[in-house]
Amino acid sequence: MSLSFAVPKARVLLGALTIPLSLALFGCEASFSIGGPDYDALEKDITTELDKAYASMSRKVSSVKCPRLADDPKTGDVFVCIAVLDGNDVRVDVKVEDNEGAVKFTTRDVVFDLAETAAGLTTEVEAQVGFPVTVDCGQGMKIVEVGSIFNCTAVEEQGESATIEVTARNAGGSDWRLV
């Protein structure tokens, strides 16, 4: 049974989190060296950009590994590198932009700091329902593929609870709804 905290059952509360709860890397660019790919430089560039993106969460990437392609990449080729963040894989899509070796890389996953996510959801849900709630999303961090859902729990003062579905979105954002 899902609860809606005395909100009419037909009404589903939807919201978009407006505080920076999660981060993703979008649209960063790098170049391979002339004469063949410099995968080490690409891995360094990805590490640097991800470290900047995750600095507000006090997290750093421990490694990035990109597959070594048998042939020199051509315009339009796409491959996936894996960044390791606190022992968890974050997938990074790399697309070759031109024959000069320029690439663009974007994360396929969104990283959520669960304590910050719960704090942001508490504020957002309270604004929607009009009374105090406590939200629990767990502890640590959660890595979620863009478009995927994870759940948090909202509890009101009398102890009734409801599930909050959080959907990871592009550009590191998310949407949520009480179910």
Visitor: Measuring from atom OG of Ser63 to atom CD1 of Ile82, what distance do you get when rounded to the nearest 0.5 angstrom?
Guide: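 Separation between the atoms: 10.0 Å.
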Visitor: Only one of Val110, Leu121, Ile149 clears side-chain contact (heavy atoms from CB on, under 4.5 Å) with Val166; which?
Guide: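 The single option meeting the side-chain contact (heavy atoms from CB on, under 4.5 Å) with Val166 is Leu121.
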Visitor: For the ring pair (Phe, Tyr, Trp, His ring centres under 6.0 Å) test, which of Tyr54, Phe150, Trp176 pairs with Phe112?
Guide: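 The option that passes is Phe150.
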Visitor: Within the side chain of Asp109, is there an N or O that forms a donor-acceptor pair under 3.5 Å with the backbone of Val90?
Guide: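 Looks like no, no N/O pair under 3.5 Å.
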Visitor: Using a 4.5 Å cut-off on heavy atoms from C-beta on, say whether the side chain of Asp89 contacts that of Val84.
Guide: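 Contact flag for Val84/Asp89 side chains = yes.
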Visitor: Please confirm whether the backbone N or O of Val133 pairs with a side-chain atom of Glu156, one donor and one acceptor, at under 3.5 Å?
Guide: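 Not at all, since once roles are kept as given, no pair shorter than 3.5 Å links the two residues.
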Visitor: Could you walk me through whether Val125 and Ile164 pass side-chain contact (heavy atoms from CB on, under 4.5 Å), step by step?
Guide: CA-CA 9 Å; Val125 171; Ile164 302 172; 3.8 Å; yes
Visitor: What closest approach, in Å, do Thr134 and Thr122 show between heavy atoms, and which atom pair accounts for it?
Guide: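 Looking at all heavy atoms of both residues, the closest pair is C-OG1, 4.3 Å.
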Visitor: Quick check for you: to the nearest 0.5 Å, what is the distance between Arg59 atom CZ and Leu50 atom CG?
Guide: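 Rounded to the nearest 0.5 Å, the CZ-CG separation comes to 14.0 Å.
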Visitor: At their closest point, which heavy atom of Cys66 faces which heavy atom of Phe79, and how far apart are they?
Guide: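 Answer, listing the atom of Cys66 first, then Phe79: CB-CE1, 4.2 Å.
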Visitor: Any donor and acceptor pair, going by atom type alone, linking the side chain of Asn88 with main-chain N or O of Lys142 inside 3.5 Å?
Guide: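 Not at all, since once roles are kept as given, no pair shorter than 3.5 Å links the two residues.
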Visitor: Say you draw a straight line from CG of Leu85 to CE of Met141; how long is it, rounded to the nearest 0.5 Å?
Guide: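 It comes to 4.0 Å.
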Visitor: Looking only at heavy atoms, what is the nearest atom pair of Ala168 and Glu145, with distance?
Guide: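 Smallest heavy-atom distance, with atoms named: CB-O, 3.7 Å.
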Visitor: What's the separation between atom CG in Asp40 and atom CG in Asp45, rounded to the nearest 0.5 Å?
Guide: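 The distance works out to 11.0 Å.
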Visitor: In Å, rounded to the nearest 0.5 Å, how long is the span from OG1 of Thr123 to CD of Gln128?
Guide: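 Between atom OG1 of Thr123 and atom CD of Gln128 there are 12.0 Å.
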Visitor: For the atom pair CD (Glu165) and OG (Ser148), what is the distance rounded to the nearest 0.5 Å?
Guide: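 Answer rounded to 0.5 Å: 12.0 Å.
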Visitor: Hey, quick one: are Tyr39 and Val80 part of the same hydrophobic cluster, counting side-chain heavy atoms closer than 4.5 Å, chains of contacts allowed?
Guide: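 As far as the 4.5 Å side-chain criterion goes, Val80 and Tyr39 are not connected within one cluster.
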Visitor: Would Glu43 and Arg68 pass as an ion pair if we require N to O under 4.0 Å?
Guide: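 Result for this pair is yes, salt bridge flagged.
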Visitor: Can you name the closest pair of heavy atoms from Ala162 and Val179 and give their distance?
Guide: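 Scanning both residues completely, I find the closest heavy atoms to be CB-O, 4.2 Å.
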Visitor: Do you know which two heavy atoms are closest between Gln139 and Leu114, and how far apart they sit?
Guide: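 Heavy-atom minimum between the residues: O-CD1, 3.3 Å.
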Visitor: Are Phe131 and Leu178 linked, directly or through intermediate hydrophobic residues, by side-chain heavy-atom contacts shorter than 4.5 Å (ILVMFWY only)?
Guide: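 As far as the 4.5 Å side-chain criterion goes, Phe131 and Leu178 are connected within one cluster.
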